[in-house]
Amino acid sequence: MASFNTIDDLDDAQRVLVRLDLNSPVEDGDVQDNRRFQRHATTVKELAEAGHRVVLMAHQGRPGNDTFVSLDQHADILGGYIDREIQFVDDIYGDDALDAIDSLEAGEVLLLENTRMSDDELPEEAPEVKAETEFVQTLAPHFDAYINDAYSAAHRKHASLVGFPLVLPAFAGRVMETEYEANTAIANREFDGQVTMVVGGTKATDVIGVMETLGDKIDTFCMGGIASHLFLRAAGYDVGYDRHEDLDLYDTQWENNEEIIQELYEERRDQIKLPEGLAYEDDDGERAEHTNEELDAANYDYMDISEATVEKYDPIIRDSDAVFLKGALGVFEDEIFSTGTVGAVKAIAETDCFSVVGGGDTSRSIEMYGMDEDDFDHVSIAGGAYIRALTGDDLPGVELLIDAAN
Ligand SMILES: Nc1ncnc2c1ncn2[C@@H]1O[C@H](COP(=O)(O)OP(=O)(O)O)[C@@H](O)[C@H]1O
Ligand SMILES: O=C(OP(=O)(O)O)[C@H](O)COP(=O)(O)O
């Protein structure tokens with residue numbers, strides 16, 4: 001496996017510049033705590049306890065959006081996980097930031113302001129271009145090492161992610177390490193027995209990309225979510241199109257991907273397991289189901305896979321050596337349509353297989369329905385980066401760490 005240097009390879013008492021991904025939901029201006037803080041805290045705590053001077057960079061939201069806010073709240077939330085104060089400076093590479101950086105003592109931690117508040121950060125450009133920005137050129141001389149822990153942002157060619165590895169010795173943090181290991185385990189097929197991928201969610205292109213890239217590494221695809229309706233349509237059932245004009249869940253995806261869906265369905269018919277039926281809300285607000293033969297998308301909105309489908313997928317999951325999950329099998333946020341997602345996630349949790357659950361939305365089902373993250377080998381905190389890794393795209397932030405090690 002191609003690899004990178006990690007924080008185990010750092011010299012003692014370093015001045016380290018660490019890129020985290022603390023990008024979080026924001027409600028009425030309040031940053032919402034989430035597992036990104038908890039995960040990155042592991043890296044930060046380890047660095048501080050080892051006696052390094054630790055300066056953190058992260059982004060929040062995108063300019064113009066309500067979620068584009070200062071990182072002052074992030075410092076408090078992250079500090080709560082490491083039992084030590086995280087200083088915050090509302091500057092990135094101006095005099096205030098440099099003063100705060102240079103006054104740090106061993107074991108102290110400082111968070112800089114939202115990197116996206118610098119004009120140098122955002123346009124996606126080649127690492128060589130980013131390395132020449134004032135942002136990178138001003139900060140780099142104040143550090144001995146750059147650490148990238150932001151796997152979930154590693155698909156972006158932004159200054160804080162791709163500029164520094166060209167000008168400082170570069171290392172991976174603990175989150176980067178675990179996310180990378182879990183995702184490459186599938187691509188390299190590091191398992192002897194059955195490998196199953198449970199795929200759902202709303203985006204057909206994600207599912208198609210995974211099937212095209214990993215089709216020969218995965219034995220069985222158990223399908224749910226919107227994508228499964230499109231494959232059921234390819235199989236000839238009356239589903240996989242929009243019944244409201246103002247809704248576009250299916251039609252555009254079908255128009256753009258019809259040929260490849262038909263092709264994948266024909267070529268990989270033995271590998272692809274489709275729902276046996278789908279669930280909808282009846283006139284009394286209760287869950288009801290149709291078998292595939294009864295499906296009638298002109299008159300019903302289908303929100304989950306049927307119970308018979310859960311029963312069909314259950315033994316497949318339990319007989320697997322490794323199971324990867326991407327995307328929800330139904331609208332699990334509504335309890336009556338959580339049967340599919342919770343059924344699959346529970347079966348994965350109860351099975352002694354190597355298991356990875358990914359997708360920002362889907363992994364929320366674990367705590368929503370009282371399951372324990374420790375029952376899985378890895379629960380990814382990455383959305384876009386996870387799917388890019390699964391579909392064979394390089395992550396520039398990761399590639400630069402590998403290059404730096406070689
Ligand atoms: N049949 C369905 N109809 C509408 N939405 C669905 C359906 N099945 C799953 N979803 C939705 O898919 C979302 C997750 O999809 P997606 O964003 O692709 O995955 P993730 O965020 O896990 O990567 C869930 O929030 C769920 O409500
Ligand atoms: O949260 C992130 O991505 P994700 O929602 O795909 O997991 C990353 O922080 C990247 O953010 P961006 O998509 O605004 O570049």
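Values below: all heavy atoms of this structure, side chains included; hydrogens, waters and symmetry mates excluded. Order of listing sets the numbers, starting from 1, for every ligand and every atom in it.
Of the protein's non-hydrogen atoms, the one nearest atom 12 (O) of ligand 1 is Thr202 CG2, 3.3 Å. Nearest to atom 10 (C) of ligand 2 among the protein's heavy atoms is His59 NE2, 3.9 Å. Closest to atom 15 (O) of ligand 1 among all protein heavy atoms lies Gly201 CA, 3.3 Å. For atom 23 (O) of ligand 1, the closest non-hydrogen atom of the protein is Lys326 NZ, 2.6 Å. Remark: minimum distance from atom 9 (O) of ligand 2 to any protein heavy atom is reached at Asp21 OD2, 2.8 Å. Among protein heavy atoms, atom 24 (C) of ligand 1 sits closest to Glu333 OE2, 3.4 Å. The protein non-hydrogen atom at the shortest distance from atom 22 (O) of ligand 1 is Thr362 OG1, 2.2 Å. The nearest heavy-atom contact from the protein to atom 3 (N) of ligand 1 is Ile226 CD1, 3.4 Å.
A heavy-atom separation below 4.0 Å is found between Gly330 and ligand 1. Heavy atoms of Gly383 stay at 4.0 angstrom or farther from ligand 1.
Of all the heavy atoms of Arg388, none lies under 4.0 Å from any atom of ligand 2, so neither backbone nor side chain is involved.
Comparing Arg36, Arg62, His158 against atom 1 (O) of ligand 2, the shortest heavy-atom distance belongs to Arg36. Across Gly384, Ser152, Gly358, heavy-atom proximity to atom 6 (O) of ligand 2 is greatest for Gly384. For atom 7 (C) of ligand 1, the candidate residues are Val357, Val331, Leu278; the nearest heavy-atom contact is made by Val331.
Around the CD atom of Glu124, the shell of radius 6.0 Å holds more than 12 heavy atoms that belong to other residues, nucleotides or ligands. For CD of Glu134, the number of neighbouring non-hydrogen atoms (other residues, nucleotides, ligands) closer than 6.0 Å is 12 at most.
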| said: Under the criterion side-chain hydrogen bond (donor to acceptor under 3.5 Å, both in side chains), I'd like the reasoning laid out for Tyr151 against Asn183: C-alpha separation, chi angles, the key distance, then a yes or no. | reply: CA-CA 11 Å; Tyr151 181 88; Asn183 293 335; 2.8 Å; yes
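A donor-acceptor pair shorter than 3.5 Å can be found between the side chains of Ser160 and Arg19. Counting only N and O atoms by type, the side chains of Arg287 and Thr339 include a donor and acceptor under 3.5 Å apart. Using a 3.5 Å distance cut-off with no hydrogens or angles, the side chains of His229 and Tyr250 do pair a donor with an acceptor.
Distances between N or O atoms of Gly383 and those of ligand 2 include at least one value under 3.5 Å. Considering backbone and side-chain N/O of Asn23, one or more are found under 3.5 Å from N/O of ligand 2.
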